[in-house]
Amino acid sequence: MLMAAVTALLFGPLLTGLVVYLLPSRRLRDIGPVVLAIGLLGPLWHLGTEVVGAGPLVLALGGHFAPLGIELHVDGLALAMLWLTGIVALAVNVYVSASLPVDAHFPATGFRALWLILWSGLNALFMAADLFNIYVMLELTALAAVSLVVVSRGPEAVSAATRYFLFALAGSLFYLLGVALVYGQTGLLSLRVLETSSWGGPVSLLALGLMTGGLAMKAALFPVHAWLPRAHAVAPSAASAALSALVAMAGAYLIIRLWLGPFAGHWPQALAQGMAALGTAGIVYGSIQALRQSRLKLVIAYSTVAQLGYLLLIFPIASLLAWQGVVYHALSHGLAKAAFFLAAGNIIHLLGNDRLTSLSRRDHRLAGSVMVMALSGISLSGLPPSGGFLGKWWLINAALESGQWWWALAAAAGGLLAAAYVFRVLRHALAEPHPDAARDAPIADNLPRRMFWPPMLLALGAVALGFAGQLLSPVIRIGLPTGVGG
């Protein structure tokens, strides 16, 4: 039963993508991905009960365990990311099926097939337990994600997708070179076996640096983030939601896995401080750039660069409380950012553009999307009682308990900066109509309800996480990596 649940998560979206691409019936193509997303909540629930009841799961494909066989690993962190992926996938599938009557030119069949392939790749990536299979899944997700950017067509989309592809290709080469160094030194690829083996030295530090650099390019971490704003500016909003909430998060997830797992103890504290300093620079840079943008999707894109910087603050602290804060921040960010992008998609469907000045039209049809952005902004800014507040609270307390008050200050300052760019967006929405906004002719009479509820429920979920800390914190602590202290 357990292996059946894992098989459904790995191959369900992939096979559905193939079927959707070949189906002649448009109605079946609309319903299929939504039914799949609802159906996969069952395997996710079963997997969760097994992890909570029995602890971290190690599943050997074909019955052969590492180092000879391929293993899958599901602990509290992997389970949290799988649930985030499943929830965002359900929202994206419902949103896409609802948006077709509004945007008849949207290449829905190709988008669905690519998105479902990406979904399978992400599920496999979060469960992968060896360095080479992580590489394979990184390539699968990168190719699907790049294609989702270019699916909107046009020269700008091709240019943005090409830049993204070059960054992803360079990141893959750096990562693979690091894997080669690890294998050459140890003859091992399994994360579990490496974590319990005696190895290290300058080669391991070089391998960690190469792999971190490669994954940072895929995660759009500062300062190797240049592909992300342009990609988000031209990609369909549903694709932007997946790229920001899941694809970029996957790269940061792997960096945390490597640093606190098989490479724990291989890096000096000064290097950990340097990583946190890069994260702080990303928080400040991304927030300042978000404050300068005149287009809504670019504000959200630079916000992603800023919010991912928080994840790097765990390395110099590496305590249980910091672990809870970082994982909770990742979950709340994923829900809030997906909601923000889908709300931006609704605004673009109504107005034909995402200029901030257009938000001041005093159009009642924008009210629901503005409310979604306000709720998402509460979590992104770390305001109570949201999940973003709880994650930042835990992270700040962890920094203070470790005597590193400067990282607590960085997290608090990042929250204030996030509030600044969120309130700037809301100020435009509540301001007197701008002359340019008055000339904007709406291109849609109304939006289907199914386009409103997915982002609204995601935003409410990001806020509701603030009330679930006592329930979820024991789950995300299951199977703590060796680099996390008590």
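Sequence positions, counted from 1, serve as the residue numbers for this chain.
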**Student:** Should Leu311 and Met249 count as side-chain neighbours, where that means a heavy-atom distance under 4.5 Å?
**Tutor:**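 With C-beta onward as the side chain, the pair touches.
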
**Student:** Using a 3.5 Å distance criterion without hydrogens, assess whether the side chain of Tyr175 forms a donor-acceptor pair with backbone atoms of Leu131.
**Tutor:**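 Yes, because the side chain of Tyr175 sits within donor-acceptor range (under 3.5 Å) of the backbone of Leu131.
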
**Student:** Is the Phe263 ring parallel, tilted or perpendicular to the His266 ring (thresholds 30°, 60°)?
**Tutor:**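 The rings of Phe263 and His266 stand perpendicular, inter-plane angle above 60°.
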
**Student:** Are the side chains of Leu9 and Leu44 in touch, meaning some heavy atoms are under 4.5 Å apart?
**Tutor:**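 A side-chain contact exists here, since the closest heavy-atom pair is under 4.5 Å.
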
**Student:** Restricting to non-hydrogen atoms, name the atom on Pro316 and the atom on Gln404 that form the minimum distance, rounded to 0.1 Å.
**Tutor:**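 Scanning both residues completely, I find the closest heavy atoms to be O-NE2, 2.9 Å.
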
**Student:** I'd like to know if the side chain of Ser376 reaches the main chain of Ala339, judged simply by a donor and an acceptor atom lying under 3.5 Å from each other, with no hydrogens or angles considered.
**Tutor:**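 Not confirmed, Ser376 side chain does not pair with Ala339 backbone.
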
**Student:** Quick one: CG on Leu417 to CG on Leu291, what's the gap to the nearest 0.5 Å?
**Tutor:**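 The CG atom of Leu417 sits 7.0 Å away from the CG atom of Leu291.
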
**Student:** Give every residue pair that meets the ring pair (Phe, Tyr, Trp, His ring centres under 6.0 Å) criterion with at least one member in residues 396-415, sequence neighbours excluded.
**Tutor:**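 Every candidate ring pair (Phe, Tyr, Trp, His ring centres under 6.0 Å) pair involving residues 396-415 fails, so no pair, neighbours aside, qualifies.
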
**Student:** List the steps, then state whether salt bridge (Lys or Arg N to Asp or Glu O under 4.0 Å) holds for Asp75 with Arg477.
**Tutor:** CA-CA 8 Å; Asp75 57 6; Arg477 288 183 294 190; over 6 Å; no

**Student:** Which residue is it: Leu118, Leu122, Leu40? I am looking for the one with a side chain to side chain contact (heavy atoms under 4.5 Å, CB included) to Pro13.
**Tutor:**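 So, applying the side chain to side chain contact (heavy atoms under 4.5 Å, CB included) to Pro13 and each of Leu118, Leu122, Leu40, only Leu40 qualifies.
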
**Student:** If you look at every heavy atom in Pro455 and Leu342, which pair is closest and at what distance?
**Tutor:**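 Nearest heavy atoms, Pro455 then Leu342: CB-CB, 3.7 Å.
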
**Student:** On a heavy-atom basis, which atom in Leu383 and which in Phe389 lie closest, and how many Å separate them?
**Tutor:**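 Minimum heavy-atom separation between Leu383 and Phe389: O-CB, 3.4 Å.
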
**Student:** Relative to the ring of His329, is the ring of Tyr310 parallel (under 30°), tilted (30 to 60°) or perpendicular (over 60°)?
**Tutor:**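 Ring orientation of Tyr310 relative to His329: tilted.
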
**Student:** Side-chain contact test, heavy atoms from C-beta onward, threshold under 4.5 Å: evaluate it for Pro236 versus Leu148 and give yes or no.
**Tutor:**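 No, side chains not in contact.
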
**Student:** May I ask you to decide if Lys392's main-chain N or O and Tyr328's side chain share a donor-acceptor pair within less than 3.5 Å?
**Tutor:**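 No; zero donor-acceptor contacts below 3.5 Å.
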
**Student:** Hey, does the side chain of Ser402 reach the backbone of Ala399 with a donor-acceptor pair shorter than 3.5 angstrom?
**Tutor:**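 Checked: pair present.
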
**Student:** Could you give the distance from CG (Leu246) to CH2 (Trp119), rounded to the nearest 0.5 Å?
**Tutor:**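 The distance works out to 10.5 Å.
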
**Student:** Look at the aromatic rings of Phe126 and Tyr253 and report parallel, tilted or perpendicular, splitting at 30° and 60°.
**Tutor:**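 Perpendicular.
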
**Student:** State the OG-CG distance between Ser379 and Leu390, to the nearest 0.5 angstrom.
**Tutor:**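 Those atoms lie 10.0 Å apart.
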
**Student:** Count the heavy atoms belonging to other residues, nucleotides or ligands that lie under 6.0 Å from CH2 of Trp393, then report whether that count exceeds 12.
**Tutor:**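 No - once you tally the heavy atoms of other residues, nucleotides and ligands closer than 6.0 Å, there are 12 at most.
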
**Student:** Ignoring hydrogens, what is the shortest heavy-atom contact between Ala322 and Ala398? Give both atom names and the distance.
**Tutor:**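 Distance-wise, the nearest heavy atoms are N-CB, 3.5 Å.
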
**Student:** Within the supplied structure, the quantity of interest is the number of heavy atoms (other residues, nucleotides, ligands) at a distance under 6.0 Å from Phe165 CZ; does it exceed 12?
**Tutor:**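 It does not: Phe165 CZ has 12 such atoms or fewer within range.
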
**Student:** More than 12 foreign heavy atoms under 6.0 Å from CZ of Phe452: is that the case here?
**Tutor:**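 Enclosed: over 12 neighbouring heavy atoms sit under 6.0 Å from CZ of Phe452.
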
**Student:** Evaluate Ile348 against Asn353 for side chain to side chain contact (heavy atoms under 4.5 Å, CB included), listing each step before the verdict.
**Tutor:** CA-CA 5 Å; Ile348 293 171; Asn353 69 81; over 6 Å; no

**Student:** Just how far is it from atom OG1 of Thr141 to atom CG of Leu125, taken to the nearest 0.5 Å?
**Tutor:**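 Interatomic distance, Thr141 OG1 to Leu125 CG, rounded to 0.5 Å: 5.5 Å.
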
**Student:** Can you find a heavy atom in the side chain of Leu313 that is under 4.5 Å from one in the side chain of Val326?
**Tutor:**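 No, too far: nothing below the 4.5 Å cut-off.
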
**Student:** Does either side chain, that of Ser473 or that of Gln324, offer a donor lying less than 3.5 Å from an acceptor on the other one?
**Tutor:**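 The answer is no; no qualifying pair exists.
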
**Student:** If you measure from CG on Asn346 to OG on Ser369, what distance do you get to the nearest 0.5 Å?
**Tutor:**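 Asn346 atom CG to Ser369 atom OG measures 4.0 Å (nearest 0.5 Å).
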
**Student:** Any donor-acceptor pair under 3.5 Å linking the side-chain atoms of Ser303 with those of Lys337?
**Tutor:**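 Yes.
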
**Student:** Please collect all side chain to side chain donor-acceptor pair (under 3.5 Å) contacts where either partner lies in residues 288-298, sequence neighbours excluded, each pair once.
**Tutor:**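 The answer is Ser240-Lys297, Arg295-Asp354.
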
**Student:** Indicate the atoms forming the closest heavy-atom contact of Val327 with Ala80, along with that distance.
**Tutor:**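 Scanning both residues completely, I find the closest heavy atoms to be CG1-CB, 4.4 Å.
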
**Student:** Give a yes or no answer on whether the side chain of Ser381 reaches the backbone of Ile378 with a donor-acceptor pair at less than 3.5 Å.
**Tutor:**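 A pair under 3.5 Å: no.
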
**Student:** Would you be so kind as to tabulate the donor-acceptor pairs closer than 3.5 Å made by side chains of residues 205-230, with sequence neighbours excluded?
**Tutor:**
residue, atom, partner, partner atom, Å
Thr212, OG1, Leu208, O, 2.7
Thr212, OG1, Trp259, NE1, 2.9
Lys218, NZ, Ala168, O, 3.1
Lys218, NZ, Ser172, OG, 2.9
Trp227, NE1, Met217, O, 2.7
Arg230, NH2, Ser159, OG, 2.5

**Student:** For the residue pair Asn133 and Asp130, what are the closest heavy atoms and their distance?
**Tutor:**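 Shortest heavy-atom separation between Asn133 and Asp130 comes out as ND2-OD2, 2.6 Å.
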
**Student:** Exactly one of Ile314, Ile317, Leu395 should register a side chain to side chain contact (heavy atoms under 4.5 Å, CB included) with Trp323. Which one does?
**Tutor:**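 Exactly one candidate clears the test, Ile314.
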
**Student:** Give the intermediate values and the outcome of side chain to side chain contact (heavy atoms under 4.5 Å, CB included) for residues Leu366 and Leu351.
**Tutor:** CA-CA 9 Å; Leu366 299 180; Leu351 302 180; 4.0 Å; yes

**Student:** Between Met275 and Trp267, does a side chain to side chain contact (heavy atoms under 4.5 Å, CB included) hold up when you go through it step by step?
**Tutor:** CA-CA 11 Å; Met275 286 291 288; Trp267 36 268; over 6 Å; no

**Student:** Within the structure provided, determine whether Met451 and His349 are in side-chain contact (heavy-atom separation under 4.5 Å).
**Tutor:**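 Yes, side chains in contact.
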
**Student:** Any chance you could lay out the side chain to side chain contact (heavy atoms under 4.5 Å, CB included) test for Leu41 and Trp45, step after step, and finish with the verdict?
**Tutor:** CA-CA 6 Å; Leu41 295 179; Trp45 182 263; over 6 Å; no

**Student:** So, does Ser386 use its side chain to make a donor-acceptor pair with the main chain of Gly382 at under 3.5 Å?
**Tutor:**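 It does not hold such a pair.
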
**Student:** If you count every heavy atom of other residues, nucleotides or ligands that lies below 6.0 Å from Gln269 atom CD, does the total exceed 12?
**Tutor:**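 Enclosed: over 12 neighbouring heavy atoms sit under 6.0 Å from CD of Gln269.
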
**Student:** Are the side chains of Pro481 and Glu195 in touch, meaning some heavy atoms are under 4.5 Å apart?
**Tutor:**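 Side chain of Pro481 against side chain of Glu195, heavy atoms only: contact under 4.5 Å found.
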
**Student:** What distance separates Leu409 CG from Thr280 OG1, expressed to the nearest 0.5 Å?
**Tutor:**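 Rounded to the nearest 0.5 Å, the CG-OG1 separation comes out at 9.0 Å.
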
**Student:** For residues Thr482 and Leu260, determine if any side-chain heavy atom of one lies less than 4.5 Å from a side-chain heavy atom of the other.
**Tutor:**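 No, side chains not in contact.
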
**Student:** Is there side-chain contact between Arg163 and Leu166, with heavy atoms separated by less than 4.5 Å?
**Tutor:**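 A side-chain contact is absent here, since even the closest heavy-atom pair is not under 4.5 Å.
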
